[in-house]
Each structure stands twice: as C-alpha cells, then as structure tokens.
J.: 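Before I ask anything, let me first share the structure, which is written out below as structure tokens.
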Amino acid sequence: MLTACGDGDGAAPRATATPAASPTAPATPTSAPFVVAPADWGECGSGLQCATVRVPLDHANPGGGTISIAIARLPARDASQRIGSLVINVGGPGESGVEFLRNGGGGIYSDAIRDRFDIVSFDPRGVGDSEPAFDCLDDLDPWVYAESSPDTPEERAEVERMSREFAEACAERSGELLPYLATEDVARDMDMIREALGDEKLTYLGYSYGTFLGAIYAELFPDRIRAFVLDGAVDPSLPPQEDARNQIMGFEEALQAFLDDCASDASCDFYNGGDPGAAYDALLATIEQEPLPVGDGRTLGPGAAWLGVAAGLYDELSWSILAGALADAQDGDGTLLQYLADFLMGRNDNGTWNNAVETRVATRCLDAPGLTEDEERALNRELMQLAPRFGPDSEEPIADVCDFWPVPPRWSPRPIAAAGAPPIVVIGTTGDPATPYQQAVGLAGQLASGVLVTYEGEGHTVYAGTSDCIDEAVDTYFIELLPPPDGLVC
C-alpha cells in the first residue's frame with residue numbers, strides 16, 4: 001500500500017523469490033516470563049511525558065536480548081474522572097506516534113476524551129525514538145522516487161538493481177533487528193506497553209495500518225481488551241491480489257472524484273475549461289518524457305508525481321492543494337507536487353529522511369506473501385484495464401525489494417475472529433482511497449464481536465474532527481463502553 005494506510009508501502013505485489021541466506025525466523029513464542037517494568041515518566045516538552053519500555057527483541061526467546069520502545073503521553077486533564085490510557089497507533093507501518101503527539105496530535109480529540117484518558121502513543125520497534133533504529137540507506141531519494149511503473153526492459157532492470165541493493169543494505173546495517181519487525185512483534189510489544197502503563201486492559205484506537213495491528217492484537221489477547229476502535233480498516237483475510245486491486249481502484253476512484261469535482265467548479269485551479277481529466281493525462285505524459293524543475297534543484301519525475309497526486313487524494317480537504325499543485329506543474333513548476341510527495345513519504349526539507357519508509361518496507365516484507373510471476377502478470381493485466389491512471393503501464397512483473405529480502409514472510413492472509421473479545425468498532429469511509437470501504441465491511445464481518453460503522457464521504461479515516469456523528473458514537477463507547485449500533489451510518 002501507499003503509506004500510513006495498510007500492511008504495505010505502495011509497491012506492487014511482489015513475485016516470489018528464493019530468499020538469500022537469512023537469519024533464523026522467529027519461532028513460536030514460549031511461556032518463559034518476561035517482567036515489564038512500570039513506565040518511568042519524564043517531562044519532554046509540549047505538555048508531554050515520555051518513557052521507554054524494554055521488550056524482548058524476539059518474543060519467542062525473551063532471554064535473548066531486549067530493545068527499547070519509546071512512548072509518550074498527554075496526561076488526562078481531570079484526575080478525578082480519569083479512566084485510564086487511550087493507546088493510539090497512527091498508521092504506517094513505520095509512522096512515529098511520539099512525533100504525532102509532539103506535533104499536537106492529542107489536541108484533535110474531544111474534551112470528554114481529553115479529560116478522562118491519558119492520550120498515549122508509541123514508536124513501534126525500529127521507528128523514530130525507539131532503539132535500535134532500523135536503517136538501510138543514507139539517501140532514499142533515488143529509491144523512493146524511482147519510476148513508479150517501468151514499461152521498458154531497461155527501466156525494469158534499473159528497478160531490480162535498486163531493489164536488490166536496498167535489501168542488501170538493510171541486511172548489512174540492521175540485520176539483527178530485521179527478522180523481528182513483523183506486525184505480530186509490534187502487537188506483542190503493545191501488550192507490554194499496556195503492562196508498563198499499569199492498565200489491566202487495553203483501550204485502543206488504530207488508524208489505517210493500526211487497524212491491522214489492532215486485529216492481530218485482538219487475535220492474540222482477546223481477554224485483555226477494554227475497548228477497541230479500528231478506523232480505516234485493513235482486511236487481514238485478503239489475498240495480495242485482492243488487496244492490491246482494492247487499493248489501486250480506491251485511488252483511481254478518488255482521482256476521478258477529484259477531477260469530476262474540479263470539472264464542476266470554474267474556480268478550481270486545474271479547471272482547464274471543464275476538462276481537467278484530459279489535462280491531467282497530458283500533464284503526466286509530459287512528466288514521463290521530461291521531468292519538471294523543483295525549487296530546491298531537484299526534478300519531479302513520474303514516480304514523485306504519482307506519489308504527490310496520491311498524497312493529495314487522502315483527504316477531500318487536500319483537493320484544493322492538489323489542484324494548485326497540478327496547475328503549477330502544468331505551468332512547468334513541480335515544486336508543490338514534489339512537496340506533497342515528500343510529505344507523504346517522510347522526506348524533510350533539508351533532504352534528510354525519517355525511517356518510516358525503511359521500516360514500512362521491512363514490515364511489509366515480513367507481513368505480505370508474494371505472488372508468482374504469472375500471478376503478478378495476470379494482476380497487472382487486469383489493473384491496466386480497471387485503473388488506467390493508477391494502474392501499471394505494463395503487465396510484465398516488476399522486481400520488488402521483498403523479492404530479495406533475507407527473511408521469508410511470516411504472515412498468510414486469514415480471517416481474524418478474536419473470539420471472546422468485547423465489541424470491536426470498525427469504521428469504514430465510503431470514499432476512502434487507501435483502505436477502501438469494503439475492507440471495513442470484511443473486517444467487521446469476520447470479527448466475532450465486530451460492529452460496523454459507516455461514514456458516507458471522502459477521505460482516509462474519520463474519527464476526531466470530521467464527523468460529529470462518528471465522534472459522539474466513538475466517544476460514548478470509549479467512556480461508557482456502550483458501542484454504537486451495528487450498521488450505524490453517519
């Protein structure tokens with residue numbers, strides 16, 4: 001998947017390949033005890049308190065070494081009404097929950113939630129302030145902004161070379177951590193965070209990929225759940241072909257909705273006489289032939305343009321920004337479209353990168369089973385027809401970094417029931433491009449206690465600030481443990 005959205009990172013489904021010589025994959029966890037120390041909080045600015053939680057590197061071998069998970073909290077405002085901690089995962093994989101709170105993310109929640117809960121988030125293993133940090137390359141620009149859909153043998157060969165070098169660099173720099181970055185590892189860490197917080201049961205809010213993390217936690221620890229809300233759902237039962245098809249079609253439909261909206265409004269910056277669709281196709285074809293200059297001396301190629309457009313489709317509120325970026329690009333300036341791509345992928349203004357992309361790739365390679373070349377060829381052929389703007393340009397398989405990953409996948413798609421868990425609220429948005437609505441329907445249906453809530457609108461995730469109807473239903477559930485009615489539509 002693209003980013004901050006599901007259990008992948010936007011690369012096409014990969015063909016299977018024989019793994020290189022690899023470290024031993026994690027085994028089935030044993031019953032050996034691991035003592036989790038209470039969080040030792042310290043002030044860390046902006047009203048936050050920060051701490052670290054020591055967890056096993058390998059949960060199957062708790063005595064084999066530990067790593068640290070960075071956590072942060074915004075304390076409840078009314079100690080007399082405090083219920084406990086609300087633990088949040090903001091998506092990814094690879095996104096920093098600590099940075100989310102540092103940037104004021106806790107302020108988006110209602111007064112009722114802020115009064116009664118400590119807002120807690122964390123940097124998953126390998127991410128951000130957690131140690132050790134997962135690291136592969138110093139300069140991610142060439143890899144992230146490579147040709148997104150190579151359509152010549154030379155372009156495909158270049159993608160294969162870069163993918164192989166990326167995997168080799170990850171193994172060289174972060175080989176010890178590399179086998180232990182699967183979502184199941186993070187779910188087990190999250191249960192130890194619960195212990196460190198002193199909460200008997202977990203109150204959890206997962207956005208996007210955080211819904212996949214939450215579903216796995218619920219499967220592992222259904223009796224340790226107090227209240228769970230999963231917003232922008234990933235369906236863990238989907239085979240990789242269907243997962244890719246759903247997301248590519250989600251972005252294709254979101255792009256069409258954006259273009260239709262722009263065509264109906266002469267004030268849209270990309271109006272183009274009422275035919276922005278034709279203008280869009282011409283612009284992308286031009287960028288394919290000749291990259292556009294960017295203000296910092298870089299050039300905007302087709303890979304960055306594709307990512308910049310995707311970034312502008314995550315939220316309907318971003319459509320005006322996307323229209324301006326496309327209009328600028330039409331005038332020969334790719335700066336704003338490149339900025340959108342940089343924002344989506346975690347590139348800083350000074351040219352440095354956070355490690356969200358690297359950890360996202362690592363988690364996807366461990367979580368996602370591969371396709372054979374024949375399966376990928378058939379899928380690409382289908383997507384070329386279904387999604388002419390967001391689908392591939394060629395049916396030929398494209399080498400993916402996971403083809404060369406030194407550890408084989410640890411996840412196989414399957415439904416998760418989480419039998420014995422209390423109600424788990426699953427929120428789906430009908431116009432969500434990144435985690436399409438049918439995935440929320442699928443996840444809510446397979447969970448034994450799933451409660452489906454639908455938001456009719458555009459955008460990726462909705463709780464906290466988009467819909468009063470959604471916010472009131474979720475707040476009531478978190479505070480009073482009264483779930484909304486199954487099938488609620490807002």
Side-chain angles (χ1 to χ4, degrees), residues 7 26-41 51-73 83-93 95 97-98 117-127 130-131 177 179-207 209-230 234 236 359 363 366-367 410-411 416-424 447-449 478:
D7 59 341
T28 303
T30 69
S31 58
F34 183 88
V35 178
V36 180
D40 183 12
W41 297 103
T52 58
V53 180
R54 301 298 299 185
V55 302
L57 170 65
D58 179 2
H59 283 281
N61 180 23
T66 63
I67 58 176
S68 69
I69 305 299
I71 61 175
R73 74 175 177 183
I83 294 171
S85 305
L86 172 58
V87 177
I88 298 169
N89 180 276
V90 294
E95 295 302 315
V98 173
F117 290 94
D118 298 338
I119 307 298
V120 177
S121 198
F122 64 100
D123 287 352
R125 51 173 57 205
V127 175
S130 291
E131 295 180 346
L177 189 60
Y180 306 106
L181 293 170
T183 298
E184 181 179 333
D185 298 314
V186 181
R188 294 184 182 278
D189 293 344
M190 194 159 69
D191 193 55
M192 292 186 172
I193 292 171
R194 175 195 59 78
E195 287 189 61
L197 295 173
D199 290 349
E200 181 180 352
K201 294 191 175 184
L202 180 65
T203 302
Y204 175 75
L205 169 62
Y207 291 109
Y209 162 80
T211 68
F212 182 56
L213 172 62
I216 291 181
Y217 181 96
E219 181 181 50
L220 293 171
F221 309 109
D223 59 338
R224 300 178 191 176
I225 291 174
R226 177 186 173 273
F228 254 43
V229 173
L230 309 178
V234 174
T359 50
T363 299
L366 292 172
D367 281 353
R410 291 167 48 195
W411 172 263
I416 288 178
I424 297 176
L447 289 167
S449 57
F478 277 145

J.: Using only atom types and a distance under 3.5 Å, with no angle test, would you say the side chain of T211 pairs donor to acceptor with the backbone of V234?
T.: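 Yes, because the side chain of T211 sits within donor-acceptor range (under 3.5 Å) of the backbone of V234.
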
J.: Determine the minimum heavy-atom distance between P56 and P62, stating which atoms define it.
T.: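 Heavy atoms of P56 and P62 come nearest at CB-CA, 3.9 Å.
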
J.: Which value, rounded to the nearest 0.5 Å, describes the distance between E184 atom CD and D367 atom CG?
T.: 9.5 Å

J.: Within this structure, what is the CD1-OG distance for the pair I225 and S449, rounded to the nearest 0.5 Å?
T.: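 Between I225 CD1 and S449 OG, I get 7.0 Å after rounding to 0.5 Å.
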
J.: Is there a donor-acceptor pair closer than 3.5 Å between any side-chain N or O of D123 and the backbone N or O of V98?
T.: yes

J.: If you define the side chain from C-beta out and look only at heavy atoms, does anything of L205 sit under 4.5 Å from F478?
T.: yes

J.: Atom CG in L447, atom CD in E219: separation rounded to 0.5 Å?
T.: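 Those atoms lie 10.0 Å apart.
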
J.: Just to verify, which of V87, D118, V53 counts as forming a side-chain contact (heavy atoms from CB on, under 4.5 Å) with L197?
T.: V87

J.: Output yes when a side-chain donor or acceptor of R54 lies under 3.5 Å from a complementary backbone atom of T66, and no otherwise.
T.: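 Yes: the side chain of R54 pairs with the backbone of T66.
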
J.: Considering non-hydrogen atoms only, spot the tightest contact between G97 and S121 and give its length.
T.: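 Heavy-atom minimum between the residues: CA-OG, 3.1 Å.
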
J.: Could you tell me which residues satisfy salt bridge (Lys or Arg N to Asp or Glu O under 4.0 Å) with D189, sequence neighbours excluded, listed by chain and number?
T.: R125

J.: Quick one: are V186 and F212 in side-chain contact, heavy atoms under 4.5 Å?
T.: no

J.: Between I69, V55, D199, V36, which is the residue that forms a side-chain contact (heavy atoms from CB on, under 4.5 Å) with I193?
T.: I69

J.: CG of D185 to CG of D58: how many Å apart, nearest 0.5 Å?
T.: 7.5 Å

J.: Got a second to check how far I416's CD1 is from I424's CD1, nearest 0.5 Å?
T.: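 Reported to 0.5 Å precision, the distance equals 9.5 Å.
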
J.: State, without any angle test, whether Y209 and N89 hold a side-chain donor-acceptor pair at a distance under 3.5 Å.
T.: no

J.: Considering non-hydrogen atoms only, spot the tightest contact between A37 and A196 and give its length.
T.: O-CB, 3.5 Å

J.: Which atom pair, heavy atoms only, marks the closest approach of L213 to A187?
T.: CD1-N, 3.5 Å

J.: Please find the pair of heavy atoms, one from A419 and one from A448, that lie closest to each other, and give the distance.
T.: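 Heavy atoms only, the tightest pair is CA-CB, 4.1 Å.
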
J.: What orientation do Y204 and F228 show, parallel under 30°, tilted 30 to 60°, or perpendicular over 60°?
T.: tilted

J.: Output the distance between atom CG (L57) and atom OG (S68), rounded to the nearest 0.5 Å.
T.: 11.5 Å

J.: Please tell me if the side chains of L220 and M190 come closer than 4.5 Å, counting only heavy atoms from C-beta onward.
T.: no

J.: Do any N or O atoms from the side chain of S130 and from the backbone of A70 form a donor-acceptor pair under 3.5 angstrom?
T.: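 Pair found, side chain donor or acceptor close to backbone of A70.
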
J.: Does D191 come within less than 4.0 Å of R194, counting only side-chain N to carboxylate O?
T.: yes

J.: Taking the side chain as every heavy atom from C-beta outward, state whether R410 and P179 have any atom pair closer than 4.5 Å.
T.: no

J.: Which heavy-atom pair separates L230 from G214 by the least distance, and what is that distance?
T.: CD2-CA, 4.2 Å

J.: Ignoring hydrogens and geometry, is there a side-chain-to-backbone donor-acceptor pair from T203 to R226 under 3.5 Å?
T.: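 No, because the side chain of T203 does not come within donor-acceptor range (under 3.5 Å) of the backbone of R226.
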
J.: When you compare the side chain of I88 with that of Y207, does any pair of heavy atoms fall below 4.5 Å?
T.: yes

J.: Do the side chains of P236 and W411 get nearer than 4.5 Å, heavy atoms only?
T.: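 In short, these two side chains touch, coming nearer than 4.5 Å.
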
J.: Is there side-chain contact between F34 and H59, with heavy atoms separated by less than 4.5 Å?
T.: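 Side chain of F34 against side chain of H59, heavy atoms only: no contact under 4.5 Å found.
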
